[in-house]
Amino acid sequence: MPLAISEFLTINLFCLTLIDAAGRSTSPRRPQLVGMHQRCARKGPSMKKVTALAVLASIAIALTGCTDSDATSPAPGASGDLRKVRVAALPISETAALWGGIKAGIFREQGLDVEVLPAQGGAQAIPALINGDIDFAIGQPFGPFRADLQNLGVVIVGNYASSYPDGDDINAVVASAKSGITRPAQLAGRKVSVNSLGAAGDVTIMAAVEKDGGDPTKVKFVEVAFPDAPAQLAAGNIDAAWVTEPFITQLRKRGDVLVVAPYQATVPGLATLTTITSAKLTKSDAALVADFSAAMKKTLAWAKDPANEANLRQAIKDNLELPDAVADSVRLPAFGWELDRASLEQLAALAQKYHVLDRRPDLDRLIQQQ
């Protein structure tokens, strides 16, 4: 690998460590697909660098030995005609819909054998997507935003999960009880973690800080994977953490303070996760994209049905190895396939306002709702 690329990129392949309700580390579950930390988190890489990232992402995928797949439980009477599909997704409770849909056989009904590869974030999966090492990814909209600004051929084919416009949300900034932080403005000058720098977390947090009268430019953002945030918060290495479930519930139970639900404070009901693929795949294998999209639409409708909640929560227990009490109490997102374009436009506008993006993505090109 050329020195310039090795200096540009650090890949961390490590076994995912989950945190129990008391903040202790449990036994490793499975390695992450890719943990790529760019030196300039708010500047998109050139095509040459993305190509290098894709090669390394390919290696990372090849080394991922433990993945979620329905290959071991074929449908009764099924032939060997199932098409293998590789999907990158975060190891968080929201992924329960995908895990549950696989176990329920929804993807097999569409002729698909889905393998789920854990990833730290949607942006980290983009290089593997471009390189063809994975077929789809479930992630925040910012990965596709940045890819579109470089015309890398990434498209959003559907939503996956959204936050709630009011009430308890499924992502929030939680501060250490020792920090004394109780409101968004107090995050200015403090160290706040997000799972991926230059994405929806820090953009909406800055907006919430400004709305509360604080200086958004003074927030010190650091990148910490969601599962690692509770331990970093307990150690005092960060003052607050932007986290999803199940970590919100875990942190509040141990006495940490919920400061703000930044999506609700800025763009209520914003998409938390979207379904992403490459423009190349939509053209070269439109049938596969259509079949996967149909299965995802059915899966998300299945996940929304209260009759399936027990199965959904069992998927969390099976794949995250959480204590039953936590898995049974975490707040689940608003699952749904249809994208809310207006909320994505608002998010892109905020990103430009806070200089996270230098311009807005071409949503006409990026959004290809199936």
Side-chain angles (χ1 to χ4, degrees), residues 33 47 50-51 53-54 57-58 61 67-71 74-75 78-89 95 97-99 101-102 104-117 119 122-162 271 273-303 335-341 344 361-370:
L33 168 65
M47 178 63 80
V50 167
T51 302
L53 290 176
S58 165
I61 292 170
T67 57
D68 299 295
S69 173
D70 58 0
S79 67
D81 295 333
L82 295 181
R83 298 190 64 182
K84 191 74 174 179
V85 177
R86 308 188 90 191
V87 183
T95 305
L98 179 59
W99 294 322
I102 291 170
I106 296 172
F107 290 89
R108 290 196 301 273
E109 291 172 0
Q110 294 292 147
L112 305 175
D113 172 18
V114 177
E115 181 180 16
V116 182
L117 296 154
Q124 284 77 12
I126 293 293
L129 194 66
I130 295 170
N131 199 43
D133 292 300
I134 57 174
D135 305 296
F136 300 92
I138 309 298
Q140 286 188 40
F142 262 84
F145 279 6
R146 293 183 183 281
D148 181 79
L149 291 179
Q150 298 172 73
N151 195 20
L152 296 180
V154 171
V155 295
I156 301 175
V157 294
N159 199 47
Y160 178 88
S162 300
L273 296 170
T274 57
T275 305
I276 311 158
T277 190
S278 66
K280 180 180 179 181
L281 189 63
T282 64
K283 295 174 183 177
S284 66
D285 202 340
L288 176 62
V289 175
D291 286 342
F292 183 79
S293 298
M296 282 296 298
K297 186 174 183 178
K298 291 177 183 178
T299 290
L300 296 173
W302 173 89
F335 293 112
W337 181 244
E338 297 301 317
L339 284 158
D340 180 358
R341 175 172 173 143
L344 294 180
D362 182 347
L363 294 186
D364 290 334
R365 175 174 60 188
L366 178 61
I367 296 176
Q368 301 294 326
Q369 177 78 59
Q370 297 290 304

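Index from 1, following the sequence.
Between Arg341 and Asp364 the shortest side-chain heavy-atom distance falls below 4.5 Å. Under the 4.5 Å side-chain criterion, counting only non-hydrogen atoms from C-beta, Phe292 is not in contact with Val157. The side-chain heavy atoms of Phe335 and Thr299, taken from C-beta on, include no pair separated by under 4.5 Å. In this structure, the side chains of Gln368 and Thr277 stay at 4.5 Å or more apart for every pair of heavy atoms. Looking at heavy atoms from C-beta onward, Arg108 lies out of side-chain contact with Val114 at the 4.5 angstrom threshold. Two residues are said to be in side-chain contact when any heavy atoms from C-beta on lie closer than 4.5 Å; Gln370 and Trp337 meet this criterion. Considering only heavy atoms from C-beta on, Ile138 stays 4.5 Å or farther from Thr95 through its side chain. Lys298 has its side chain within reach of Gln110: a pair of non-hydrogen atoms, C-beta onward, lies under 4.5 Å apart.
Between the side chain of Arg86 and the backbone N or O of Leu117, no donor-acceptor pair lies under 3.5 Å. For the pair Ser278 (side chain) and Val154 (backbone), a donor-acceptor distance under 3.5 Å is absent. The main-chain N or O of Ala279 is found under 3.5 Å from a side-chain atom of Thr282 such that the two form a donor-acceptor pair.
A salt bridge is defined here as a Lys NZ or Arg NE, NH1 or NH2 lying under 4.0 Å from an Asp or Glu carboxylate O, and Asp113 with Lys84 meets this definition. A salt bridge between Arg83 and Asp135 is absent, with no side-chain N of the basic residue lying under 4.0 Å from a carboxylate O of the acidic one.
Ile276 and Gln140 get closest at one heavy-atom pair: CD1-O, 4.2 Å. Taking every heavy atom of both residues into account, Gly158 and Leu339 meet most closely at C-CG, 3.7 Å. For the residue pair Ala271 and Leu344, the shortest heavy atom distance occurs at CB-CD2, 4.4 Å. Across all non-hydrogen atoms, the minimal contact from Ile126 to Ala147 is CG2-CB, 4.3 Å. Here the closest non-hydrogen pair linking Ile134 and Ala125 is CD1-O, 3.6 Å. Of all the heavy atoms in Ala97 and Leu300, the pair that sits closest is CB-CD2, 4.1 Å.
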Taking it one step at a time, do Leu281 and Val289 satisfy side chain to side chain contact (heavy atoms under 4.5 Å, CB included)?
CA-CA 7 Å; Leu281 189 63; Val289 175; 3.9 Å; yes

Yes or no on side chain to side chain contact (heavy atoms under 4.5 Å, CB included) for Lys280 and Asp285, after CA distance, side-chain angles and deciding distance?
CA-CA 8 Å; Lys280 180 180 179 181; Asp285 202 340; over 6 Å; no

Leu112 vs Leu288, test: side chain to side chain contact (heavy atoms under 4.5 Å, CB included). Steps then yes/no.
CA-CA 9 Å; Leu112 305 175; Leu288 176 62; 3.6 Å; yes

Begin from the C-alpha positions of Phe107 and Leu82 and carry the test side chain to side chain contact (heavy atoms under 4.5 Å, CB included) through to its verdict.
CA-CA 9 Å; Phe107 290 89; Leu82 295 181; over 6 Å; no

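Annotation: the span from Asp362 atom CG to Asp148 atom CG amounts to 5.5 Å, rounded to 0.5 Å. In this structure, the separation between CD1 on Ile106 and CE on Met296 is 10.0 Å, given to the nearest 0.5 Å.
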